[in-house]
Number of protein chains: 2
Amino acid sequence: MPDHSQKQDVTIYDIAEALGVSPSTVSRSLKEHPSISKETIRKVRKQAKKMGYRSNIFAQNLRRQKTNIIGVIVPRLNSHFMSSAISGMEKVANKNHYKIIISQSHEQAVNEASNVEMMLEQRVDGLIVSLAYNTMDLHHFDAITEQHTPLIFFDRVADLPNSTNVVIDNYQAAYKMTNHLIDEGCSRIVHITGNTSRNVYSGRLKGYKEALLEHQLSYDSDLVFINDLREEDGEQVARKILEMDQLPDAVFASNDVCAVSCMALLQEHGIEIPRDIAIAGFNNDPISRFVKPKITTVDYDGERVGEVVAQNLINHLEGDDHISITNTIVLNSDLIIRDSSRKQDAG
Amino acid sequence: MPDHSQKQDVTIYDIAEALGVSPSTVSRSLKEHPSISKETIRKVRKQAKKMGYRSNIFAQNLRRQKTNIIGVIVPRLNSHFMSSAISGMEKVANKNHYKIIISQSHEQAVNEASNVEMMLEQRVDGLIVSLAYNTMDLHHFDAITEQHTPLIFFDRVADLPNSTNVVIDNYQAAYKMTNHLIDEGCSRIVHITGNTSRNVYSGRLKGYKEALLEHQLSYDSDLVFINDLREEDGEQVARKILEMDQLPDAVFASNDVCAVSCMALLQEHGIEIPRDIAIAGFNNDPISRFVKPKITTVDYDGERVGEVVAQNLINHLEGDDHISITNTIVLNSDLIIRDSSRKQDAG
DNA sequence: TTGTATGCGTTATCAA
DNA sequence: TTGATAACGCATACAA
């Protein structure tokens with residue numbers, strides 16, 4: 001057993017003894033309680049520094065029943081959107097003296113549930129969640145809401161009372177994107193998206209359908225692909241496209257990675273973008289700018305989402321806010337038209 | 001003030017009372033202490049579940065002086081390498097019932113120091129760090145080592161006694177890459193890298209130099225660019241390249257984002273890759289595969305790095321390991337030769 | 001302005 | 001096999 005035991009910590013008792021005062025005086029001095037004289041405060045602080053005192057946070061937590069820790073559960077960490085979102089949360093949390101504990105569900109409801117349990121055990125002050133791909137039943141959040149632990153969902157949100165959702169208008173974004181493609185003369189538009197039990201994907205699918213209908217274009221379910229939106233999924237759709245009797249004239253994917261991998265495979269088979277097929281993605285992942293042609297996408301600023309989510313939660317925790325009864329915050333998201341569209345004016 | 005107060009928690013006293021046994025019996029039953037009868041254990045567990053008991057972790061921590069929390073400090077979260085590394089750490093931590101608390105230094109030593117202080121306050125069981133760009137003085141880690149809190153650096157590591165480093169052989173990787181470019185007939189090779197106070201960048205620069213020297217190629221400092229390796233830095237180098245009297249025949253950048261942005265701007269100015277200039281990056285960021293041509297790079301698997309780092313730390317914490325006196329773990333990293341090199345055989 | 005005493009929920013030691 | 005009791009370090013109600 002390695003020896004990392006001797007964290008012989010200095011306590012307020014040690015300081016009290018050294019100074020010949022009581023522990024409570026030390027405790028109060030350390031947080032500049034108004035009833036303590038300036039002189040005492042000065043002395044205590046000096047002694048504390050001298051002895052290398054560091055407040056024991058467990059004892060504090062135990063007394064105050066508060067941790068200043070925010071729990072974050074996400075499907076996975078290593079996508080551009082998610083890591084940016086986490087970055088934004090960390091920034092805001094740090095500024096407000098909160099810490100964040102992170103866990104991944106790896107897109108599995110069962111992991112999500114055990115992560116929630118872990119967060120509960122940690123007694124997080126609040127919880128931020130983006131749902132796993134296959135989460136249907138939401139009962140694993142019951143204990144959270146029962147204890148009135150503030151709960152905020154973002155991106156992939158839930159329909160749960162007493163929780164807040166931070167989203168963009170996925171319907172509108174997809175509606176605008178599809179309209180844009182139609183305006184460019186596309187009429188056979190492939191849509192690649194994820195599990196439509198998730199708000200983000202159902203919203204986008206709906207926007208896509210609506211735009212078609214408004215232009216008297218028939219909705220063809222053979223042109224809609226539901227998958228996990230990973231690199232290989234984009235490629236697989238590309239292969240299916242190449243086998244179609246009649247080629248589509250556009251592909252609109254629900255994320256950029258999928259759009260880009262689909263495009264790459266199409267290009268390898270001699271399809272010219274955007275002449276033969278126009279391409280559109282979602283998220284404004286850096287990758288969307290680096291491919292050729294640059295792909296049209298929807299600006300979805302993870303960093304900002306993360307900031308808003310964290311700030312909202314902290315406001316709530318600090319009491320600057322009311323109890324939310326299923327409150328929803330909708331952030332902006334704009335089309336970014338690029339070379340993979342047939343015209344390049346602003347949308 | 002919103003009402004998230006009534007976390008009227010069930011304690012072992014409540015269970016004890018309900019069952020007519022002592023709190024110690026409950027405590028022991030809950031952790032299946034060998035001296036407690038099966039029957040009692042069964043009863044206690046049942047009652048605990050019935051009453052919705054959840055152990056208070058502060059009290060536990062307070063008693064045991066242990067948190068099962070690992071602190072992680074990184075320059076920034078939202079790069080592919082870093083978010084993958086964190087993902088790997090989270091995976092291993094989760095499996096071993098550890099939690100991770102994350103903070104960003106935003107590449108500033110001053111933030112790094114305050115993050116360390118925060119981790120100390122949280123009483124993390126161990127600390128994982130990748131250094132900020134401009135960290136020179138390492139005294140902000142003194143308190144960590146003094147308490148014998150295990151400390152592991154990865155990627156951007158330090159030369160500190162009683163800490164472990166997890167790295168790849170940056171010298172070798174850059175040496176091989178430069179050799180590869182030379183083998184392809186390149187002789188004026190631009191190298192873009194970061195602050196050479198950081199091991200990763202000094203190692204790579206050294207490998208680059210060494211390869212040149214071994215081939216009787218003179219080292220030209222005008223071909224070496226030290227910057228922050230961001231998207232805009234790659235573009236700026238591209239502009240400088242375009243102004244050169246004699247064009248280089250290769251660019252070797254210390255990360256893929258920088259390599260790719262440099263390449264894109266060169267291409268916009270009619271340079272053909274790899275005919276006019278070959279391109280090489282570092283990290284095997286997905287972006288390196290999606291650009292055209294795909295760029296040659298160094299495989300640097302963040303997920304694996306994260307796993308190794310976390311596993312090593314946990315082994316140490318669990319006592320399966322000795323106290324490390326400046327131990328170094330070197331992970332594998334291989335060249336990935338792609339279209340942006342002039343030949344495409346394996347390196 | 002400061003001190004005393006108690007409790008936060010657990011675990012570990014000792015005794016029964 | 002179980003129980004009583006004393007910590008762990010801090011914060012606060014009450015007393016002085």
Side-chain angles (χ1 to χ4, degrees), chain A residues 4-45 47-48 51-69 120-125 147, chain B residues 5-45 47-48 51-69 97 120-125 147:
Chain A
H4 23 83
S5 45
Q6 277 65 2
K7 309 199 183 180
Q8 279 299 15
D9 286 327
V10 181
T11 73
I12 53 173
Y13 290 97
D14 301 325
I15 301 176
E17 193 175 10
L19 252 37
V21 298
S22 80
S24 30
T25 300
V26 174
S27 173
R28 289 192 268 245
S29 298
L30 257 13
K31 46 179 53 64
E32 306 195 55
H33 192 100
S35 74
I36 301 288
S37 74
K38 293 283 168 212
E39 177 58 11
T40 307
I41 291 184
R42 198 190 55 73
K43 272 199 299 202
V44 168
R45 304 206 126 185
Q47 184 67 18
M51 299 176 74
Y53 169 78
R54 183 167 292 120
S55 170
N56 184 310
I57 200 142
F58 317 143
Q60 269 188 61
N61 289 345
L62 184 58
R63 274 292 321 215
R64 309 186 325 182
Q65 296 297 350
K66 187 170 190 309
T67 53
N68 270 42
I69 293 180
L120 237 24
E121 272 168 19
Q122 288 304 307
R123 298 290 212 275
V124 294
D125 287 346
Q147 319 201 326
Chain B
S5 43
Q6 276 65 1
K7 309 198 185 181
Q8 280 299 16
D9 287 325
V10 181
T11 72
I12 52 173
Y13 288 96
D14 301 325
I15 301 176
E17 194 174 10
L19 252 37
V21 298
S22 79
S24 359
T25 300
V26 174
S27 173
R28 288 191 270 244
S29 299
L30 256 15
K31 43 181 54 62
E32 306 195 56
H33 191 101
S35 75
I36 302 287
S37 74
K38 294 284 168 209
E39 177 57 13
T40 308
I41 291 184
R42 200 191 54 74
K43 272 199 300 203
V44 168
R45 300 207 127 183
Q47 184 68 17
M51 300 177 75
Y53 169 79
R54 184 166 292 122
S55 168
N56 184 311
I57 200 143
F58 315 142
Q60 271 190 69
N61 289 345
L62 183 59
R63 272 296 319 215
R64 308 188 326 181
Q65 297 296 348
K66 185 166 189 320
T67 53
N68 271 41
I69 294 180
H97 302 101
L120 238 21
E121 273 168 18
Q122 288 304 307
R123 297 291 211 274
V124 294
D125 287 346
Q147 318 202 326

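Letters A, B, ... mirror the listed sequences (proteins, then strands); counts begin at 1. Atom set for the values below is all heavy atoms of this structure, side chains included, hydrogens, waters and symmetry mates excluded. Given the structure is predicted, the values throughout are model-derived calculations rather than measurements.
When all heavy atoms of B/I36 and B/S29 are compared, the closest pair comes out as CG2-OG, 3.5 Å.
B/R28 meets the salt bridge (charged side-chain N to carboxylate O under 4.0 Å, His left out) test with no other residue; sequence neighbours excluded. Checked against side-chain hydrogen bond (donor to acceptor under 3.5 Å, both in side chains), B/T25 has the following partners two or more places apart in sequence or in another chain: B/S22. Every residue two or more places apart in sequence or in another chain that forms a salt bridge (charged side-chain N to carboxylate O under 4.0 Å, His left out) with B/R42 is listed here: B/E39. A/Q47 pairs by the side-chain hydrogen bond (donor to acceptor under 3.5 Å, both in side chains) definition with nothing, not counting sequence neighbours. Scanning for side-chain hydrogen bond (donor to acceptor under 3.5 Å, both in side chains) contacts around A/N68 gives A/K66, with sequence neighbours left out. Taking B/Q122 as the reference, nothing meets the side-chain hydrogen bond (donor to acceptor under 3.5 Å, both in side chains) condition, with sequence neighbours excluded.
Near DNA chain D, meaning a heavy atom under 4.0 Å away, the residues from residues 36-44 of chain B are B/I36, B/S37, B/T40.
Annotation: the terminal axes of the helix from C/dT1-D/dA16 to C/dA16-D/dT1 meet at 40°, where each axis is the rotation carrying the C1' atoms of four end pairs onto the next four (5 pairs per end, rounded to 10°).
Listed by first and then second residue, the salt bridge (Lys or Arg N to Asp or Glu O under 4.0 Å) pairs that reach into residues 29-38 of chain B are B/E32-B/R45, sequence neighbours excluded.
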Seminar exercise, completed: Counting primed atoms, P, OP1 and OP2 as sugar-phosphate and everything else as base, the B/S/- map of nucleotides 10-15 of chain C against protein heavy atoms under 4.0 Å is BBBB--

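The footprint of chain A on DNA chain D, defined by a heavy-atom cutoff below 4.0 Å, extends from D/dG9 to D/dA13.
The shortest side-chain heavy-atom distance between A/V26 and A/Y53 does not fall under the 4.5 Å cut-off. Side-chain contact between B/R54 and A/L120: present, with at least one pair of heavy atoms (C-beta onward) separated by less than 4.5 Å.
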Counting only pairs under 3.5 Å, give me each side-chain donor-acceptor contact of residues 11-21 of chain A, with atom names and distances, residues two or more places apart or in other chains.
| residue | atom | partner | partner atom | Å |
| --- | --- | --- | --- | --- |
| A/T11 | OG1 | A/Y13 | N | 3.0 |
| A/T11 | OG1 | A/D14 | N | 3.4 |
| A/D14 | OD2 | A/T11 | N | 2.8 |

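Each of B/V26 and B/L62 was matched to the nucleotide of DNA chain D holding its nearest heavy atom; the match closer to the 5' end belongs to B/V26.
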For this session: Using the side-chain hydrogen bond (donor to acceptor under 3.5 Å, both in side chains) rule, take A/D125 and A/T67 through it: C-alpha gap first, then chi angles, then the decisive distance, then the call.
Result: CA-CA 6 Å; A/D125 287 346; A/T67 53; 3.1 Å; yes

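Distance A/L19 CG to C/dT1 C1': 15 Å, rounded to the nearest Å.
Note that CD1 of A/I69 is 7.0 Å distant from CG of A/N61, once rounded to the nearest 0.5 Å.
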